[in-house]
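Data block below; observations after.
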4 protein chains.
Amino acid sequence: MIRFDCDYLEGAHPKILKKIVESNYEQTPGYSKDEYTKSAIDKIKKVCKTDNIDIHILVGGTQTNTTVIASALKPYQAVICVNTGHINVHETGAIESCGHKVISVDSDDGKITPLQIEQVAKIHFEDEAPEHMAMPKMVFISLPTECGTNYVKEELKEIYNMCHKYGMYLYIDGARLGYGLVAKDTDIKIDDLPNLCDVFYIGGTKCGALFGEAVVIVNDNLKNDFRYYIKQKGGLLAKGRLLGIQFDALFEKELYFKICKQAVDLAIKIKEAAINKGYKLLYNSFTNQQFIILPNDKLKELSKEFVFFKWKVIDENNTAIRICTSWATTEENVDKLIEKM
Amino acid sequence: MIRFDCDYLEGAHPKILKKIVESNYEQTPGYSKDEYTKSAIDKIKKVCKTDNIDIHILVGGTQTNTTVIASALKPYQAVICVNTGHINVHETGAIESCGHKVISVDSDDGKITPLQIEQVAKIHFEDEAPEHMAMPKMVFISLPTECGTNYVKEELKEIYNMCHKYGMYLYIDGARLGYGLVAKDTDIKIDDLPNLCDVFYIGGTKCGALFGEAVVIVNDNLKNDFRYYIKQKGGLLAKGRLLGIQFDALFEKELYFKICKQAVDLAIKIKEAAINKGYKLLYNSFTNQQFIILPNDKLKELSKEFVFFKWKVIDENNTAIRICTSWATTEENVDKLIEKM
Amino acid sequence: MIRFDCDYLEGAHPKILKKIVESNYEQTPGYSKDEYTKSAIDKIKKVCKTDNIDIHILVGGTQTNTTVIASALKPYQAVICVNTGHINVHETGAIESCGHKVISVDSDDGKITPLQIEQVAKIHFEDEAPEHMAMPKMVFISLPTECGTNYVKEELKEIYNMCHKYGMYLYIDGARLGYGLVAKDTDIKIDDLPNLCDVFYIGGTKCGALFGEAVVIVNDNLKNDFRYYIKQKGGLLAKGRLLGIQFDALFEKELYFKICKQAVDLAIKIKEAAINKGYKLLYNSFTNQQFIILPNDKLKELSKEFVFFKWKVIDENNTAIRICTSWATTEENVDKLIEKM
Amino acid sequence: MIRFDCDYLEGAHPKILKKIVESNYEQTPGYSKDEYTKSAIDKIKKVCKTDNIDIHILVGGTQTNTTVIASALKPYQAVICVNTGHINVHETGAIESCGHKVISVDSDDGKITPLQIEQVAKIHFEDEAPEHMAMPKMVFISLPTECGTNYVKEELKEIYNMCHKYGMYLYIDGARLGYGLVAKDTDIKIDDLPNLCDVFYIGGTKCGALFGEAVVIVNDNLKNDFRYYIKQKGGLLAKGRLLGIQFDALFEKELYFKICKQAVDLAIKIKEAAINKGYKLLYNSFTNQQFIILPNDKLKELSKEFVFFKWKVIDENNTAIRICTSWATTEENVDKLIEKM
């Protein structure tokens, strides 16, 4: 079976593994106070073109979202996101488990609009007795979204401005940031992000690392004592250099963007083949995730050789599947899939 | 100014106050272990026609909802309610502050349907990897709802059956239970409730008491160690007899239902007058809360003498107001209002 | 039976009840936005001789401690108190339920010393990796303590200075503040408190009210959005005027201090009688709580007519009991007890 | 510099790394549903000589303790441990952040006694109003302890029996389990543990893995829905096979015990040398951690070539240091240290 069901099927890019193996016998201090982590942080600061950011590398996505949000909000404050937001549906209530309401707004394509943010904000801030309601204090978006869609720079600016208008933070979940930034449908570059949000993270797990997510804190208010939160939430890895080594490798000569670009190219090849063969797309994604609507017969046939993620039942005859590519996807397997489609 | 904006404007029914004054110099044990509380509990068991229930009287509504829900759910479990549910919008995220997700479903009239419950349940229980999502384990409804609407016995049965089907608890918030049960649009009686839900509460604050909400626990699974939760959540009143005295008075010769009936009769008088004068209603309520759509000019004029709660802007010319009656509402004031309408 | 086991056996001082009864039919806005509460707050500001404090009246002690501490601490911060501190032993883990560690230090008499505070602070702030530990950020003391002991002004100053030295808040639990301030063994006056701590509360429940605790916030950092915390923790009483009325009555013509003084005088009468009769005291208290060591035979005999709180088994033949007086204690009953002792 | 300051200075045992590299291009399902994890679990069941256990592999120790304890306790329940317990001092209040009180008892050597457990239990369970206190429901011990000391089978039995007597769970933190079980001062074998506690974990991070802790749940009450807790607490690794591969390697031909034995042998060599040279030990440890009291002059001299962990200031002239060995410690470096000592 050839699997396309997610982007964490294989291990890590070989350059990462090589570094881990090479450094295996070195003795380094624990808890991310090692030189590899320092080097990784320096490289990330360089691509972000600013020193005025704090960077911490955590192990996984849910842990990262929980730690960032819990550190930013007071107990009565809430975070706004779209209904399909990862924190709203796929983290087992981790945000709520830290005491915070997730206020969700409907979205067809995984994107939030400034207007939606304002509507939620007004309900709260224009009420005569707002203390009876959880106060929205943060907006959570994913770049790219869970639906593979993207924001452009102008959209992000408007969202960020709206956050400012109501004293809210903007947090960007970048679990697949690399795939988003190399996509053709956005003009956002990584060095734009420190100017367009308060905190974001650069996803490693789904972009070529064994694991690891690099949190980039832009807003000074959010920088203080962040390591306490990491430790309390169980994210302070004893052998923290493993995180440093991986991001050090990923940001060596733009490896991160190269492998994401290669995966996206293969995904687009599949997308275009699907369109050519007359299949409809559920979302118009330019990233490594493609959402193709297949007749159930076709799906059944393909499922003999390929594994997909069943995203959504469209009707009794059709199902939308998600296809993911990654650093490890081969052109050979993509071609096999296209041929069978 | 004559106020109709809520049902907690005055103190308590005089029979309650009298009992508090009379008992003032008595010495009783603290924390609801007194004889007044025992007597109140006995009376509630009698009207509920069962001994197989545990009863605890707490101080206020948010505290009660928080305590009941926190005691019933495990850390990864969630509660389902309508978008207008009190726990979803007017408790400053108290449920989330105890770690639990509130899953809301849309509703036009404050009521939930069995189908809506099933849809939420299926998303979770039919998923291959449900542990990535908060598990819905309780359904929260209000009787009557925040919109003054009511359930009938058949509806409640279907909801309860649906809860059973998916192993979920049904919890009824009865902040205004008295007003709901005496309304003409339901056939539910208080002694039906132990057969139609797992836990409910009989509201005192909005139904004639100074404060106090009597939690009635039906399901044995929810009875254990409940006092620990009350104490931890700050609801174990030192002079707990105050709660006992009030409910003892309210359930003496059906005072609770009599004063609620009287308030509802006055509310219906207002409702009928409004209809006769050609005003539209936002919801068709048969309880002590009435939701009348007024032209803004009329509202402005009436606001010189009366205080209402502005519920919702309908359009640029019309506003829906909420009018509440209570044990203390006088026919004289109601007639004044009707005259000016 | 004549009960001396606690100071919340009866209702409220008659002047309080009278005000509640007189105001019963008045219509006032809910949630402590009424004129009675305003008046109570003004009176408390006057006795505290400062306008630069925020005052909120909550229902009970555990709720108050939870709300104040949860509002002041960030998720990784802890509160220091003595092992007998109310938050450490008698609140069912309410502080921990809001996520905060309670760091306790040993004490024989319920008092903490500046040195003990410094020892805890140093362990944290002088460590090379403090983020692995909860950060002490608040010191919690009771005035008077659970053991009836008191601090003098100089002691309080030193404690407060030590808090400042390590950037910690000082919070004074004043559940029995009235009894403490009128005691002979302290020179602290209520208007000293705004200069000697960051936040304190004036206890009502145990000092003549039906219920109610007035939180006085001194430090500006702790004032912001406090009502959100009250609401979320279930402490925002719908008929909030009940709290206002009670404190308005208590601070009318120093009633609060008069009734506490009277209770303390009776407690001292008992204490002196006990000493004269040769009984030992567990703690040397000058407040309304007395801790007398009785031979078990004597205790058994007295228990036929009187109820005490068994505080501690001293040895197989002796038990320390706690005797409390209150506004409602009569000289007649005190004399009966003394006679039988 | 040669570091002896902790046991997580290097990467992983080469057999682990080899397996990770070899499997790098394989496609496996995420979240620990892969075959490597299955194989690891089977091997652990085999060494534990029972199938009636549930095994889940998490990433790190704080995460593991938090997840296990949060899953076992209800919101009002507490966990008992010694004052030096890892959860009490070195997890930034992670247990409290999940709402649970940690009740600590004093200990000189890191071990708890059945009597201490009973004393805490009696305070709660023999009180007339236990609901005012957090209920002790779990005992947490470390095997070996933070001080390198060990329990023998008879001690563990007595502790477990005492837990049973009061309805409490026994949880064993095995961060360094391997080192403890191969030590000469205990007769406990890994297959004894399922009979002597309710849940324990087999530490990987400090025993040769890159990271990973294998939780072994014995008590059926604790097995249900455990994956929800893992996910919510951020411990469900996307590329979960990394955890499986590591434990599969560690439990292949007893590698786990072999590398721990080798580390312990080197530690004992250091210990004996220290004794021979006349140094005192702070604790009498037979594990990979040794606690040696050095004159400050000697410590300064040694610190030019070696890194230790400064454990405790003994007096103005002497300091207790902690020396750790691990799978990667070489006899050559140990001999260098001994020579310089």
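Hydrogens, waters and symmetry mates are skipped; everything else that's a heavy atom, side chains included, is used. Each chain gets a letter, A, B and so on, in the order its sequence line appears, and its residues count up from 1.
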| said: Could you work out, with ring-ring contact (aromatic ring centres under 6.0 Å, His included) as the rule, every residue matching Phe211(B), not counting sequence neighbours? | reply: Phe211(C)
Every donor-acceptor pair from chain D to chain B under 3.5 Å, please, each on its own line.
unit_1	atom_1	unit_2	atom_2	d
Pro75(D)	O	Gln232(B)	NE2	3.0
Tyr76(D)	OH	Asp225(B)	OD2	2.4
His124(D)	NE2	Tyr228(B)	OH	2.8
Glu131(D)	OE2	Arg227(B)	NE	2.7
Glu131(D)	OE2	Arg227(B)	NH2	2.7
Asp225(D)	OD2	Tyr76(B)	OH	2.4
Arg227(D)	NE	Glu131(B)	OE2	2.7
Arg227(D)	NH2	Glu131(B)	OE2	2.7
Tyr228(D)	OH	His124(B)	NE2	2.8
Gln232(D)	NE2	Pro75(B)	O	3.1

| request: Under 4.5 Å, counting heavy-atom pairs only, tell me which of Ala129(D), Ala134(D), Pro130(D), Cys98(D) racks up the most with chain B. | output: Pro130(D)
| message | Need one label for Leu236(B): side chain, backbone, both or neither, based on atoms under 4.5 Å from any heavy atom in chain D. | response | side chain
| remark: All heavy atoms of Pro75(D) vs all of Ala70(B), minimum pair found to be CG-O, 4.2 Å
